[in-house]
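One structure is given below, encoded as structure tokens.
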Amino acid sequence: MIEGISIYEILTLSTVVFFIGVYGFFTRENLITILMSIELILNASALNFVVINTYLYPDFLQGTVFSIFIIAMAAAETALAIAIIINLYKLVNSVEVKDTDTLKY
Amino acid sequence: MDFSYTVYILLIPLALFLILGFGSKKIKPAISGWIGSLGLGIAFILSYYTAFQYFTHGKVNDVYQTFVYKYTWISFTDKLHIDMGVLIDPISVMMLVVVSTISFMVHLYSRGYMKGDDGYTRFFAFLGLFSFSMFGLVLATNIFQMYIFWELVGVSSFLLIGYYYTKPSAVSAAKKAFIVTRFADLGFLLGILLLSYFTGTFDFQVLNDPEGAIITQGVAQSFMGLSVITWALMMIFIGGAGKSAMFPLHIWLPDAMEGPTPVSALIHAATMVVAGVYLVARMFPLFYFSDDGFALQLVAYVGGFSSLFAAIIALTQYDIKRVLAFSTMSQIGYMMLALGVSKYEGHEGLGYMASMFHLFTHAMFKALLFLGAGSVIHAIHSNDMRDMGNLKKYMPVTHVVFLIAALSISGFPGFAGFFSKDEILAAAFENNMLLYIIGVFVAGLTAFYMFRLYFNIFWGKETKYDHTPHESPASMTIPMIFLAFMSIFAGYIHFSEYISADRMPFEAHLDITLAIVATTVGLIGIVLAYIFYKKPTNLADKMVAAFGSFYQWTYRKFYIDEIYMFVTKKIIFARMAAPMAWFDKNVVDATMIGIGNSTVKTSEKIKGIQSGKFQDYAMSFIGGAVVIAIIVFYIWTK
Amino acid sequence: MERIVFYILALIIVVFAIASVSSRKILRAVIYLLFVLMGISGIYFMVDYSFLGAIQLAVYGGGVIVLFIFSVLLVHHVELELEVTPLRKKLIAGAVVLTGLGISLWAILTFPFQQAAAGRTIEVSDIGHKLLSVDAGGFILPFEVISVLLFAVMIGAIVIAKGKKLNK
């Protein structure tokens, strides 16, 4: 609970961060930067959990706990994704999206 | 009396076919020949046992009974159903004897004749299939079952004619036989459908019951002044004519001689080709009683004409198997003629009996003739009688049995053919003078061309052979000797005691006057042949010159093949099939191909959507989600 | 006072977020991301969730960002500039994103949230109890699942990063 700030402002902030992350996800050409965009998205959602917990149900802890889980998941996911990226780099000597389109027609 | 064991006569050849067919790579030729012969031997013994039992115990109140063992296979209504089973009556028992005898003899003979052939086991497998189908046809309880086996017989005939499948002429002969008989069978099928539609049954017993509703009341519907039953019977007769090589559906039979000679003996002389005769005999009461026998008259005239037509062609052919083929056609025409002039009751039904009698004796001596011809072909590797001469020196046994068969078919007194032919002529004499005259004339022609064949092969000038001809092995001569025995003594069976149109035995006497006439004509034929061909003379050439273009016509078999070719190629193919093919290719196919092509082109254009870049997929996903969200909110706020 | 701090934080977060997704120098982008994460942890501190803010700083600032930097250094030259994204793609992405943003904001701003009165301060021990509680509403099971997940990721990351040599 921040003095003078309503839930709307904070939710707006988190939404904006979320969509900036989505924009980055769409437009980035490099796997590491895409991963960073995902971090933004995850952070925005974690922030949402916390804010809703604080403003609407201050006596409960679920939002906090879920944020903790999200942070743990994000860390795990990053570690794994970076492992994959490094392995990929060893294979194709690049981490560009355009070099990893073997799913194409 | 229980005749249910006759089903084994059917099942044994089927088992042979399956064993030899599936094991054709594993079973050694010598063994497969023995297996086949043994199986048919059992069927042979069973058939004779059946005949003995039936003809001694099958009578009640002096009428031969019909025994039927069947189960319902497909049921349409409570009246109309297709059964499978066996039917035992005089003609089916007689046919059992004929088929099993010839088939057994041919099996024995083939062990020698086919020795060393690559497809030896396959050959015996096909023989098993044929025997099974033929027994099934003979024992059929209803017309539909008969039709099924009828087609099976056609298939095995096709397989056996095309046995030497590397030879183009054999392949085309097989196709020709199949297509022509199939074409005729279409008529048969239409006849069956017509008949069953209007009478509501397939069953022979119901159809042929002289006191039954179908014969006594008939069917109300008629077309062009003839009752529907008559039309159906004429259609069915088309099927019979196709199988029995009656004019004008005979063109496949001479070509069918491309098959191995034992096959010709079995299928194209003794058994399958008489299926048409058997069919008419089987339906005889219906033929006789519907429309005062209009359909039956058709049978008589077709038979008479075919017999004359074929006999004339046989005079000029050089291929010995083709001579025999035309002779077969001629003799079957005889049988048809006899059926056609027959009446129903007592002695009036002489023609029916004579037809069956001739079928029986003809099977024996014609099979023998073919086996003898096969023996000759085996020895000198040629079918052409101009390559033969003076073979009596080298092949004494073949010579003697061939002579017996030739005398028998020529109606020489004392031989089997004499008796049966005499009955036919007697029946024709009583009912139809024109057909009688044709019959007598054909008898003379028959004697002439048979002895032309005989003198050309066994007498005459000796040609130079690549290697000295030799007598065939015992495996081939023994069946021939057995058949020679039958060709003489089959005539002494009192057929009228066993087979008659109304199932009641009657007394048939030899009509001495008619017999003398027929014998005289036959002897004239033989003597003429003796003069022409015993020693090399130029008389035959003079005759050819005298007849001029008529000889050419005959030699070319009256151009019937050419007419068919003209009709199919110039009219059906060029005028009808070609435009249809064009339509099919440019309209029907083009539409389908166009649809296919446009799909391919469209997908070629839009395949870029599948870029393989996950960001694009994610963008589409989010974009879609956004659109759905907009729609949901729009509806929600309304 | 707190409002001003919040707006400054919000400004930092948004500006550096945009910078992070648009910078062409990858190492700088990582640093900008660090600023964003720190800003968010600042907001956690402001709403009195100090523990969460500490975790955010420790895990993100200490772990994830370091991981990013290492990976960048492993696979890139530091001075390497990223490729420019085609304008068309940017425009489409921007359109989709702006529409989505509009929809989301509209939904949030029109929704009548029932704001509760200020509650008690959350102690770390509360969170600890909650996480390890086996009573109804306790989170022991997800907690254990997360621990297993982390373990699996540890092994998986090692195995994957070690990789296999291409046998050509």
Side-chain angles (χ1 to χ4, degrees), chain A residues 1-13 15-17 19-24 26-30 32-33 35-37 39-40 43 47 50-51 54-59 61 64-65 67-69 71-76 78-80 82-87 89-91 95-96, chain C residues 2-3 6 10 13-14 17-18 20-21 26 29 33 36-37 40 43-44 46-47 49 52 55-56 59 63-64 67-68 71-72 74-75 82-83 85 89-90 93-94 97 100-101 104-105 108-109 113-116 118-119 122 126-127 130-131 139 142 146 149-150 153 156-157 160-161 163 166:
Chain A
M1 198 72 137
I2 305 169
E3 286 298 321
I5 301 293
S6 71
I7 189 171
Y8 294 104
E9 272 109 329
I10 308 188
L11 284 182
T12 306
L13 174 66
T15 312
V16 169
V17 174
F19 278 100
I20 289 170
V22 170
Y23 175 79
F26 286 168
T27 53
R28 285 300 209 173
E29 299 279 338
N30 186 296
I32 294 175
T33 47
L35 204 55
M36 284 155 58
S37 308
E39 294 299 329
L40 279 179
N43 255 286
L47 182 59
V50 170
V51 167
T54 324
Y55 275 79
L56 303 182
Y57 309 103
D59 294 333
L61 279 172
T64 316
V65 174
S67 293
I68 293 172
F69 287 153
I71 290 169
M73 293 274 290
T78 309
L80 211 52
I82 282 177
I84 292 170
I85 287 169
I86 287 174
N87 199 8
Y89 181 73
K90 281 202 265 183
L91 286 174
V95 291
E96 299 294 313
Chain C
E2 284 182 312
R3 287 184 70 172
F6 174 77
I13 289 170
V14 172
I18 291 169
S20 170
V21 297
I26 187 163
L33 178 67
V36 176
L37 299 175
I40 287 173
I43 289 178
Y44 290 159
M46 285 186 73
V47 294
Y49 278 36
L52 211 52
I55 291 179
Q56 171 90 358
V59 174
V64 173
L67 212 53
F68 273 124
S71 66
V72 166
L74 270 174
V75 302
L82 293 176
E83 282 184 42
T85 314
K89 199 172 172 185
K90 273 185 182 168
V97 163
L101 183 64
S104 301
L105 285 181
I108 289 167
L109 296 178
F113 286 109
Q114 299 296 319
Q115 217 157 313
I122 306 290
D126 293 339
I127 297 172
K130 194 73 180 168
L131 274 179
F139 281 89
I146 288 288
L149 173 80
L150 287 174
V153 165
I160 292 170
L166 282 184

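What's counted below: heavy atoms across the whole structure, side chains too, no hydrogens, waters or symmetry copies. Every chain is numbered from 1 and lettered A, B, ... according to where its sequence line falls, protein lines coming before strand lines.
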- Message: Less than 3.5 Å apart, any donor N or O on the side chain of E9(A) or T12(A) sitting next to an acceptor on the other?
- Response: no
- Query: Which atoms of F113(C) come close to chain A, meaning under 4.5 Å heavy atom to heavy atom: side chain ones, backbone ones, both, or neither?
  - Reply: both
- What's the spacing between S20(C) OG and I13(C) CD1 if we round to 0.5 Å? 12.5 Å
- Message: For V14(C), which atoms come within 4.5 Å of any heavy atom of chain A: side chain, backbone, both, or neither?
- Response: both
- Message: At a 4.5 Å cut-off on heavy atoms, which part of L61(A) comes close to chain C: side chain, backbone, both, or neither?
- Response: side chain
- Could you have a look at T64(A), T33(A), V16(A) and say which one has the most heavy-atom pairs with chain C under 4.5 angstrom? T64(A)
- Max heavy-atom pair count under 4.5 Å with chain A, selected residue of L131(C), I108(C), V59(C): I108(C)
- Task: Would you mind checking which part of L74(C) comes under 4.5 Å of any heavy atom in chain A, side chain (CB onward), backbone (N, CA, C, O), both or neither?
- Result: both
- Between CE on residue M46(C) and OG1 on residue T54(A), distance to nearest 0.5 Å: 12.0 Å
- Task: Measure I146(C) against the heavy atoms of chain A and call it side chain, backbone, both or neither at under 4.5 Å.
- Result: side chain
- So which of V17(A), I86(A), T15(A), V22(A) has the biggest tally of heavy-atom pairs under 4.5 Å with chain C? T15(A)
- Hey, are the side chains of Y44(C) and I55(C) touching, using non-hydrogen atoms and a 4.5 Å cut-off? no
- Task: Could you check I43(C) against L13(A) for side chain to side chain contact (heavy atoms under 4.5 Å, CB included), going step by step and ending with a plain yes or no?
- Result: CA-CA 11 Å; I43(C) 289 178; L13(A) 174 66; 3.3 Å; yes
- Let me know if L150(C) has heavy atoms under 4.5 Å from chain A in its side chain, its backbone, both or neither. side chain
- Message: Could you tell me if the side chain of V64(C) sits less than 4.5 Å from the side chain of L37(C), heavy atoms only?
- Response: no
- Message: Report which part of K130(C) has an atom under 4.5 Å of a heavy atom belonging to chain A: side chain, backbone, both, or neither.
- Response: side chain
- Message: Looking only at heavy atoms and a cut-off of under 4.5 Å, which of I32(A), T78(A), V51(A) has the most pairs with chain C?
- Response: I32(A)
- To the nearest 0.5 Å, atom CD1 of I127(C) lies from atom OH of Y49(C) at 8.0 Å
- Note on the structure: Comparing I68(A), I71(A), N43(A) against chain C, the one with the most heavy-atom pairs below 4.5 Å turns out to be N43(A)
- Message: How long is the straight-line distance from CZ of F26(A) back to CZ of F19(A), given to the nearest 0.5 Å?
- Response: 9.0 Å
- Query: In terms of heavy-atom proximity below 4.5 Å to chain C, should Y23(A) be classed as side chain, backbone, both, or neither?
  - Reply: both
- Note on the structure: Between the CZ atom in R28(A) and the CD1 atom in I26(C), the distance rounded to the nearest 0.5 Å is 7.5 Å
- Proximal component of I82(A), with respect to chain C [non-hydrogen, under 4.5 Å]: side chain
- Query: Rounded to the nearest 0.5 Å, how far apart are CD1 of I5(A) and CD of E2(C)?
  - Reply: 8.5 Å
- Message: Need one label for L33(C): side chain, backbone, both or neither, based on atoms under 4.5 Å from any heavy atom in chain A.
- Response: side chain
